[in-house]
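First the proteins, then the strands, lettered A, B, ... as listed; each starts at 1. The figures here come from the full heavy-atom set of this structure, side chains too, leaving out hydrogens, waters and symmetry mates.
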There are 2 protein chains.
Amino acid sequence: MLTKGGCPKTALSIKDALEALEGRWKLLILFSLSAENKRFKQISKEVPGITDKTLSKELKSLEANKLIKRDVYNTFPPTVEYSITSHGKSLEKVMEELHYWGLLHRKKIIGK
Amino acid sequence: MLTKGGCPKTALSIKDALEALEGRWKLLILFSLSAENKRFKQISKEVPGITDKTLSKELKSLEANKLIKRDVYNTFPPTVEYSITSHGKSLEKVMEELHYWGLLHRKKIIGK
DNA sequence: GATATTACTTTCCCTTTGGATAGCGCTATC
DNA sequence: GATAGCGCTATCCAAAGGGAAAGTAATATC
């Protein structure tokens, strides 16, 4: 195990990560954007249960942390395209591990 | 990339994982317990900022998901020992990846 | 007999979150 | 000229979350 259990410095960096990703939406939004660039409405359709207000807030937070990029095109009706940044892509492994663990967890606890 | 971006089934398992781990405390508690078994007060000291009420609630949720185990010894004052289960240990890789990403994120965004 | 100890639970209260709904600005379509 | 489309923002209000502080049980210690 590379991650030393209980080490305070390690705990701090885990805390940093959790703060940037807090809530139940951010990783799901990032995951949806990791497939392809999307517009606001598209994301809201692909992330079930999220409201416009919350989505708008989450997107701002993700942008502030440079995990996604926002491009506005001067058209009508407005076109706003969101894309994942390289920093956002660096979360791929985290999402992968979460994915594997989620499967395991469902088998073990949820879906018995 | 093994995790296919945008795949709905993958998104579902990520959602499962997020639901079991939601909030900013659970992973930190698990991380602290991954070093050694601990009692209530010890945990509350090692997870800075958490209140008794919240810790109590989080521990219950972790136990319900079989991520930790709770052992009560019939002593006075009471002794209650918490330990991580094998299912909890299966989160090691998630924590590792979060740790690495947290370091990266701090370098890139927080600590400039 | 006052105090400390542990692992909580309870109460009070304030802040944050989150849903529902409506609206705006401009164009194209019916 | 009514309506739909997009990407939000604003408002209102109910519900949930979370902190502070005190209480409890039984024993040991001073």
Tell me: [atom1] of [X] to [atom2] of [N], nearest whole Å?
{"X": "Tyr73(A)", "N": "dG7(D)", "atom1": "OH", "atom2": "P", "answer": "12 Å"}
{"X": "Trp25(B)", "N": "dG18(D)", "atom1": "CH2", "atom2": "P", "answer": "9 Å"}
{"X": "Asp52(B)", "N": "dG18(D)", "atom1": "CG", "atom2": "C1'", "answer": "13 Å"}
{"X": "Arg70(B)", "N": "dC8(C)", "atom1": "CZ", "atom2": "C1'", "answer": "9 Å"}
{"X": "Lys53(A)", "N": "dT21(C)", "atom1": "NZ", "atom2": "P", "answer": "13 Å"}
{"X": "Leu55(B)", "N": "dT6(C)", "atom1": "CG", "atom2": "C1'", "answer": "13 Å"}
{"X": "Ile68(A)", "N": "dG7(D)", "atom1": "CD1", "atom2": "P", "answer": "13 Å"}

Do the side chains of [Y] and [X] get nearer than 4.5 Å, heavy atoms only?
{"X": "Ser86(B)", "Y": "Lys108(A)", "value": "yes"}
{"X": "Ile29(A)", "Y": "Ile50(A)", "value": "yes"}
{"X": "Lys93(B)", "Y": "Glu97(A)", "value": "yes"}

Taking the side chain of [X] as heavy atoms from C-beta outward, which of [options] is closest to it?
{"X": "Pro77(A)", "options": "dG19(D), dG5(D), dG18(C)", "result": "dG5(D)"}
{"X": "Val80(B)", "options": "dG25(C), dA7(C), dG19(D)", "result": "dA7(C)"}
{"X": "Thr51(B)", "options": "dC8(D), dA20(D), dA7(C)", "result": "dA20(D)"}

Legend entry - DNA chain C: 5'-proximal contact among Arg39(B) and Glu58(A) (nearest heavy atom): Arg39(B)
Legend entry - First encountered from the 5' end of DNA chain C, between Phe76(A) and Glu22(A): Glu22(A)
Legend entry - Inter-axis angle, terminal five-pair segments of the helix from dG1(C)-dC30(D) to dC30(C)-dG1(D) [nearest 10°]: 20°
Legend entry - Any residue meeting side-chain hydrogen bond (donor to acceptor under 3.5 Å, both in side chains) with Thr75(B), in chain and number order, not counting sequence neighbours: Thr79(B)
Inset, instruction - For Tyr82(B), answer base if it contacts any base atom (sugar-phosphate contacts may also be present), sugar-phosphate if it contacts only those atoms, and nothing otherwise; contact means non-hydrogen atoms under 4.0 Å. - result: sugar-phosphate
Inset, instruction - If a pair satisfies ring-ring contact (aromatic ring centres under 6.0 Å, His included) and one of its residues is in residues 49-96 of chain A, list it, with sequence neighbours excluded. - result: His87(A)-Trp101(B), His87(A)-His105(B)
Inset, instruction - Could you tell me whether the phosphate oxygens of dC6(D), OP1 or OP2, come under 4.0 Å of any side-chain nitrogen or oxygen in Thr79(A)? - result: no
Legend entry - Distance-only donor-acceptor test, Lys41(A) side-chain atoms vs dG5(D) base atoms, 3.5 Å: no
